[in-house]
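Below: one structure in structure tokens.
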Amino acid sequence: MKTFKSWHALINKRNALYELGKIGFKMKQLPFMGVICIVMLFIVYRTTIYQYHKTEMEMKLYRFEMVKDYQQPSGKLRSLPRGIMQVRSDLEIRPLWMSSSSRQASVNANKNLLAMPVGIMQKENVDDVVQKFLAANFTIMLFHYDGNVDGWWDLDWGDKAIHVVAHNQTKWWFAKRFLHPNVVSIYDYIFLWDEDLGVDHFDPKRYLQIVKTAGLEISQPALDPDSTEIHHKITIRSRTKKLHRRVYELRGKTKCSKASEGPPCSGFVEGMAPVFTRSAWYCAWHLIQNDLVHGWGMDMKLGYCAQGVRSKKVGVIDSEYIVHKGIQSLGGSGYTTTRTTVKRNGALGFDLRTEIRRQSTWELEVFKERWNRAVEEDKNWVDPFLTYQSRKKQTSTHLRS
């Protein structure tokens, strides 16, 4: 009996030691499991933050063209299943047929757009410009204001560009009708250039690097000082800077000092070679008047589309500059620099350049009147730049005191 009890005690002792061992093993596991849990929580946290920032960035980049698919206009789209609707388009050429492998690899690589009004007389210069932009993976869109499209097919890139034809129309007329924000929303930058610009000292890739680093929403390359048709000093290249946002000039009709906060002293680009981000273009497209085709006066208001303070978000790039050749045709700013005389009603001739300039001047006055009337009628609109200047003066006064 004593032996039986001894054996029973040994068994109980062994079981107790086993249980203690299990508890000890579990206790040793706790720190390890804690580390695993912390690592998993960190991974989940970082993934959540990444997804949040990615979504935030996409909303910033596409906030204007990503119409909320699920908030359909009353009745107009209810006959379509939500998943089939696409609110955006692009200007990429699609082949009529592709191999199965190329279908899978069909990804849009062009993230920037060059749109230009062109006439056949400027073919050689346009070829030089397009060659540079094609090398930088730009989509090319040409507005043919002289109706001559056949004359461009012999160029290597002729069939790779988008060609739009309308006789005797200007750059802004074409842009209003064929560069709708929903169509060009896939492009990061839209270059809306005239056809007579020399690009020997211009590289699109380096230009965009500077623009992105500086955070510019609206920009233009500087003009070489030897260019003709220079109207505003702010567009002239500075040989000592990479870019500039303002100019100082105390001579002449327009005086620009440190106190000058608006165009053409700061926050200004001219209409010959503007470059827009997609957000800035969304605003600028709405600023273009449908019936005022020459665009005069609009450059003074483009700063309102800068998506921020225009004196910071609008600039001129000096290190990548162009030459304005002064031989611009009808498709650009609206008049030729060569004297052209045509017949009107089969009778007396008249100077086409003079007539177009007269029309442009009239449109400028109409644009100014429309802007002033719109400001007066919109009681909820507050000029963001007057507000900014007021805050700036208050801050300056507070610091001095």
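Values below: all heavy atoms of this structure, side chains included; hydrogens, waters and symmetry mates excluded. The first residue in the sequence is number 1, and the count goes up from there. Only a predicted model underlies this, so the values are computations on that prediction, with no experimental measurement involved.
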Stepwise side-chain contact (heavy atoms from CB on, under 4.5 Å) test for V293 and E363
CA-CA 8 Å; V293 297; E363 289 190 5; 3.8 Å; yes
Is a salt bridge present between D188 and R278, judged by a nitrogen-to-oxygen distance below 4.0 Å?
yes
Is there side-chain contact between Q307 and C283, with at least one heavy-atom pair below 4.5 Å?
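Yes. Closest side-chain heavy atoms under 4.5 Å.
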Check whether any side-chain N or O of Y189 sits under 3.5 Å from a backbone N or O of V211 as a donor-acceptor pair, and report yes or no.
no
Do L155 and K123 have side chains that approach each other closer than 4.5 Å (heavy atoms only, starting at C-beta)?
yes
For the side chain of D194 and the backbone of D196, is there at least one donor-acceptor N/O pair under 3.5 Å apart?
no
Would you say F202 and V323 make side-chain contact, with heavy atoms under 4.5 Å?
no
Could you tell me which residues satisfy salt bridge (charged side-chain N to carboxylate O under 4.0 Å, His left out) with K160, sequence neighbours excluded, listed by chain and number?
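If we apply the salt bridge (charged side-chain N to carboxylate O under 4.0 Å, His left out) test to K160, skipping adjacent residues, there are no hits.
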Do S266 side-chain atoms and E261 backbone N/O form a donor-acceptor pair below 3.5 Å?
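Such a contact is found between S266 side chain and E261 backbone.
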Minimal non-hydrogen separation, A280 against I218, with atom names:
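Answer, listing the atom of A280 first, then I218: CB-CG1, 3.8 Å.
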Restricting to non-hydrogen atoms, name the atom on H232 and the atom on P264 that form the minimum distance, rounded to 0.1 Å.
ND1-CB, 3.7 Å
Do W193 and F133 make the cut of ring centroids closer than 6.0 angstrom?
yes
Identify the two heavy atoms, one from N125 and one from G198, that lie closest to each other, and give their separation to 0.1 Å.
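Of all heavy-atom pairs spanning N125 and G198, the closest is OD1-CA, 4.5 Å.
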Quick check against the 3.5 Å criterion: does R237 have a side-chain atom that pairs as donor or acceptor with the backbone of D318?
yes
Steps toward side-chain contact (heavy atoms from CB on, under 4.5 Å) verdict (V164, F143):
CA-CA 5 Å; V164 180; F143 303 134; 4.0 Å; yes
Closest approach of A284 and L302, non-hydrogen atoms and distance?
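Smallest heavy-atom distance, with atoms named: CB-CD2, 4.1 Å.
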Verdict with reasoning, I234 to H244, per side-chain contact (heavy atoms from CB on, under 4.5 Å)
CA-CA 8 Å; I234 194 172; H244 65 272; 4.0 Å; yes
For D156, I'd like to know if atom CG has over 12 heavy atoms of other residues, nucleotides or ligands within 6.0 Å.
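For D156, atom CG is not crowded (no more than 12 foreign heavy atoms under 6.0 Å).
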Any heavy-atom pair between the side chains of R370 and L292 that's under 4.5 Å?
yes
Show, in sequence, the C-alpha distance, side-chain angles and deciding distance for W172 and L192, and conclude whether the side-chain contact (heavy atoms from CB on, under 4.5 Å) test is met.
CA-CA 9 Å; W172 301 109; L192 189 58; 3.4 Å; yes
Is any NZ, NE, NH1 or NH2 atom of the basic residue among E355 and R358 found under 4.0 Å from an Asp or Glu carboxylate oxygen of the other?
yes
Cationic tip of R310 above Y304 ring, under 6.0 Å, 45° of axis:
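Yes, R310 lies over the aromatic ring of Y304.
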Would you check if the distance from the ring center of Y207 to the ring center of F191 is below 6.0 Å?
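Judged by ring-centre distance (under 6.0 Å), Y207 and F191 do meet the cut-off.
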Between K132 (side chain only) and V199 (backbone N and O only), is there a donor and an acceptor less than 3.5 Å apart?
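Yes, the answer is positive, given that a donor and an acceptor are paired below the 3.5 Å cut-off.
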One should read off an interatomic distance between I230 CD1 and I236 CD1, to the nearest 0.5 angstrom, of 4.5 Å
Counting distance only, does the side-chain N/O of H294 pair as donor-acceptor with the main-chain N or O of W296 below 3.5 Å?
no
Compute whether any side-chain donor of one residue and acceptor of the other, for W152 and D127, lie under 3.5 angstrom apart.
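Judged by distance alone, the side chains do not pair up.
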Are the side chains of I322 and H324 in touch, meaning some heavy atoms are under 4.5 Å apart?
no
Is any side-chain heavy atom of E195 closer than 4.5 Å to one of V129?
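Of all side-chain heavy-atom pairs linking E195 with V129, none is under 4.5 Å.
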Tell me the closest heavy-atom pair linking E92 and I186, and the distance in Å.
CG-CD1, 4.4 Å
So, do Y145 and F174 sit near enough that their side-chain heavy atoms are less than 4.5 Å apart?
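Counting from C-beta outward, Y145 and F174 do come under 4.5 Å.
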How many angstroms lie between atom OG1 of T235 and atom OH of Y321, to the nearest 0.5 angstrom?
14.5 Å
Centroid separation H163 to W153 less than 6.0 Å
yes
Provide the closest heavy-atom pair for P225 versus R239 in the form atom of the first, atom of the second, distance.
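Closest approach of P225 to R239: CG-NH2, 3.9 Å.
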Going from CG on L352 to CG on N168, what distance comes out if it is rounded to the nearest 0.5 angstrom?
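Rounded to the nearest 0.5 Å, the CG-CG separation comes to 8.0 Å.
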What's the separation between atom NE2 in H286 and atom NE2 in H180, rounded to the nearest 0.5 Å?
6.0 Å
Donor-acceptor contact below 3.5 Å, side chain K313 vs main chain A306
no
Under 3.5 Å, is there a donor-acceptor pair between the side chain of N112 and the main chain of F138?
no
Just wondering, do I93 and I162 contact through their side chains at under 4.5 Å, heavy atoms?
yes
Salt bridge (charged side-chain N to carboxylate O under 4.0 Å, His left out) involving E270 - partner list, sequence neighbours excluded:
none
Distance-only, no hydrogens or angles: does the W281 side chain make a donor-acceptor pair with backbone N or O of L179 under 3.5 Å?
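Yes, the answer is positive, given that a donor and an acceptor are paired below the 3.5 Å cut-off.
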Under a 3.5 Å distance rule, please check whether E320 uses its side chain to pair with a backbone N or O of P221 as donor and acceptor.
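Checking the backbone N and O of P221 against the side chain of E320, no donor-acceptor pair under 3.5 Å is found.
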